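One is the number of the first residue; the rest follow in order along the sequence. What you are looking at is a predicted structure, and each value in this text was computed from that prediction instead of being measured.
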Amino acid sequence: MNYHWPSKSQWRQFFKILSKEEKIIFSLFLFLFLGSFIFLSINFYFKKTEIQPAEGGSFVEVVIGQPRFINPIFAPANDIDRDLTELIFSGLMKYDSEGKIIPDLVKDYQILDDGKIYEFNLKENLSWQDGQPLTVDDVIFTIETIQNPETKSPLRPSWLGVKAEKISDSKIGLELRGPSSIFLENLTLKIIPKHIWENVSPQNFPLSFFNLKPIGSGPYQLKNLVQDKEGKITSLDLIRNPHYHGKTPNLQQISFQFFEQEEDLLKAIKDGKIDGFSLSSINFNEAWLKFNLYSFSLPRYFAVFFNPKESKALAEREVRQALNYGTNKKEIVREMSIPEKAIVDSPILPEIYGFNRPSKIYQFDLEKAKLLLEKAGFLEVQTGIREKVIKKELAFQFKGNLTFGSRGKEVEELQKCLARDKEIYPDAEINGYFGPKTKEAVIRFQEKYREEILKPFELEKGTGEVRKATRDKLNEVCFGKPEEKIPLKFSLATVNQPRLIVISNLLKSQWQALGAEVEIKTYDISTLEKEIIKPRNYSLLLFGEVLGMIPDPFPFWHSSQKKDPGLNLALYENKECDKLLEEARQNLDEGKRKELLEKFQEILIEDAPAVFLYNPGYLYFVSKEIRGIKEGIIAEPSQRFIGIEDWYLKTKRVWR
């Protein structure tokens, strides 16, 4: 039997024979049927589909400063250059969102000869953004360019002694002088194209226009760059790289706007049309409510480094420990609006690297700090500044009066002392007899130190007689003072930045409660590095140290790194620590390295060469419309763009 859906005329005939009540009931049931059908259909669709990122859209970020070298071999010197090279270039290896080092341009690699040889196989069909093939030759060219001293790349120290060998068109071997557990991190280096740079002489690399017209192999490529009348770069646009070897990014375009002052950046944020920004200091603004705040952990810390070569007080361990106990870190992070979990007690950052915390932590204890200072001999005096008095055993002292005609041992010692200065006693006659030449020498000595010897007695010329005032000055000049006073006074050098100035003033106040006087000296970063840090011209230095994703305290604490360009800012020296750091650097076993570094941690903290303060996280404000960003540990701020391929603005529904 065949059934057919009723025609329109049949429906009309059907409705004619229904009563009014039957029509209402029928319409109600029909409405319920259609509603249920639509509901079940929609419910089925949503159950069987899911929202996924869709391609399209753009992202606009504002930053302070401007690009100088969009070139990986120079980028480490400029934050914005690092940001752009992260997006435009690729390396043999890269970091993932968890801070682990994974392959990028390579498909696989081997570590041979106990860590002295690394071999890498490149992926197939790699291309530069201009369509040219990317090969092993480009990798070798990049490394050799960095190693060339004429290029003046800041990366050169990390590549000294590394030999690069082409094994095949897709395979490269790197040979090291010795085993290294940290070398893999070097290989996150971004590669530059040989065919673009090979005709540029090394000394002209910094001058080449290719630095602002980069060709890379990363997920994005340069679209355009805008400069003002003075040549300053005001904005820059990046678009997706069609030749990218990895996952195609969702965002079609990423744009940067560059400003000189933070005030201009804040105005741009208030005006809207901004998707991302970061600030060095955070003063809440209502305009920021439309942004999500992402917090990234960085393997770095700020500390006050003690220089015992510039301060006799800091050469004593009890004083260094007292300054640690006298530092209220909780007050510092509270004033800086930083969470307490950011407080640092160790240079190996156990919370970030998964090490055990040190067994000794300098918790704020003012009384304990004072007891340590007293134990070290630094006592309170009327000035309020503690000082230590050291009595000296002097080999000889002038005790009697000496005049023309005197003879003996004291006259002989007098002549020896005066003979040290050729202008005072040019004849340098030493015979134990106080004759005319000796008298003339005494007169010259008295007149040289007129303020202390003659002026108190209202004398204009020297008498040539050695009495109390002359004798006291002779004893000081010839044999030194019978006692030495070491005041608890320091100068604290740091960068002229608002945050660091606030911290410096807090430290000054906290240490003043101990009986220490601190003079704060601030400098621009360039002056600080060249005139203060390089010659180690400070007693206290408030500064930050940046570690890698593979922990390696060697550059910061090994005794071989005490002089520039080493980074041992505390001039720390401990033979046992040196040995532990050397072994940790060469050991490829993570468990053994952990054990070695934890031993190093315990020794160093007991020696207290610095006050470790806090770990500065990186705060990144992003529009709520932009999704797919993952928080995590990053080695430097530019790595906030790790996983940029997964960021998205638009969405779509697809069947499961």
Side-chain angles (χ1 to χ4, degrees), residues 178-182 299-327 329 343-365 368-369 371-373 375-376 536 539-548 550-563 566-615:
S180 173
S181 60
I182 62 168
R300 58 184 61 184
Y301 59 83
F302 277 89
V304 179
F305 300 94
F306 303 144
N307 184 352
K309 302 297 183 185
E310 291 290 321
S311 169
K312 290 184 178 180
L314 293 173
E316 302 195 33
R317 184 164 67 175
E318 288 87 354
V319 173
R320 301 193 300 269
Q321 290 177 334
L323 292 174
N324 269 276
Y325 280 118
T327 303
K329 299 179 186 179
I343 289 175
V344 169
D345 297 301
S346 165
I348 64 172
L349 301 177
E351 298 82 1
I352 287 183
Y353 295 117
F355 296 148
N356 291 322
R357 287 176 58 79
S359 59
K360 180 172 185 172
I361 292 176
Y362 294 99
Q363 299 285 5
F364 177 59
D365 190 332
K368 191 168 185 176
L371 286 173
L372 279 167
L373 290 173
K375 180 182 176 183
R536 304 298 195 251
S539 55
L540 302 175
L541 174 68
L542 172 58
F543 203 62
E545 290 194 329
V546 180
L547 287 66
I550 300 176
D552 179 32
F554 184 99
F556 310 104
W557 298 105
H558 193 276
S559 62
S560 65
Q561 306 298 304
K562 290 189 298 181
K563 294 182 179 180
L567 299 172
N568 186 346
L569 303 180
L571 281 72
Y572 182 62
E573 189 168 5
N574 184 297
K575 290 182 179 179
E576 189 175 354
C577 281
D578 282 353
K579 185 178 179 181
L580 291 168
L581 292 174
E582 291 162 10
E583 290 180 11
R585 225 180 194 199
Q586 296 174 2
N587 203 304
L588 301 182
D589 185 320
E590 289 189 15
K592 183 62 177 176
R593 293 187 71 245
K594 178 176 181 290
E595 181 183 332
L596 293 167
L597 292 178
E598 286 172 351
K599 286 181 181 178
F600 154 78
Q601 170 184 244
E602 298 295 330
I603 298 169
L604 181 133
I605 290 175
E606 182 65 31
D607 285 341
V611 176
F612 302 104
L613 296 174
Y614 69 97
N615 165 237

Spacing of N324 atom CG and I605 atom CD1 [to the nearest 0.5 Å]
9.0 Å
Can you tell me if N615 uses its side chain to pair, donor with acceptor, with the backbone of R300 under 3.5 Å?
yes
Return the minimal non-hydrogen interatomic distance between R320 and L314, and the atom names on each side.
NH1-O, 2.9 Å
Is there a donor-acceptor contact under 3.5 Å from the side chain of Q601 to the main chain of P347?
no
Kindly give the heavy-atom pair with the smallest separation between S181 and R593, and that separation in Å.
OG-NE, 2.9 Å
Atom of D589, atom of N587 and distance for their closest heavy-atom approach
N-OD1, 2.9 Å
Would the distance check show the side chain of D365 and the main-chain N or O of Y325 forming a donor-acceptor pair, the cut-off being under 3.5 Å?
no
Please determine whether a side-chain nitrogen of the Lys or Arg among E590 and K594 lies less than 4.0 Å from a carboxylate oxygen of the Asp or Glu.
no
What's the spacing between K329 NZ and F612 CZ if we round to 0.5 Å?
8.0 Å
Here the pair of heavy atoms bringing F364 nearest to G326 is CE1-O, 3.7 Å
Is Q586 reaching over with its side chain to a backbone N or O of G178, donor-acceptor style, under 3.5 angstrom?
no
Within 45° of the six-membered ring axis of F554 and under 6.0 Å from that ring's centre, is NZ or CZ of R585 located there?
yes
Before accepting this row, confirm whether a basic side-chain N of the pair R536/E310 lies closer than 4.0 Å to the acidic partner's carboxylate O.
no
What are the two closest heavy atoms between A584 and L597, and how far apart are they?
CB-CD2, 3.8 Å
Check whether any side-chain N or O of E602 sits under 3.5 Å from a backbone N or O of S359 as a donor-acceptor pair, and report yes or no.
yes
A610 to W557 - nearest heavy-atom pair and separation
CB-CH2, 4.2 Å
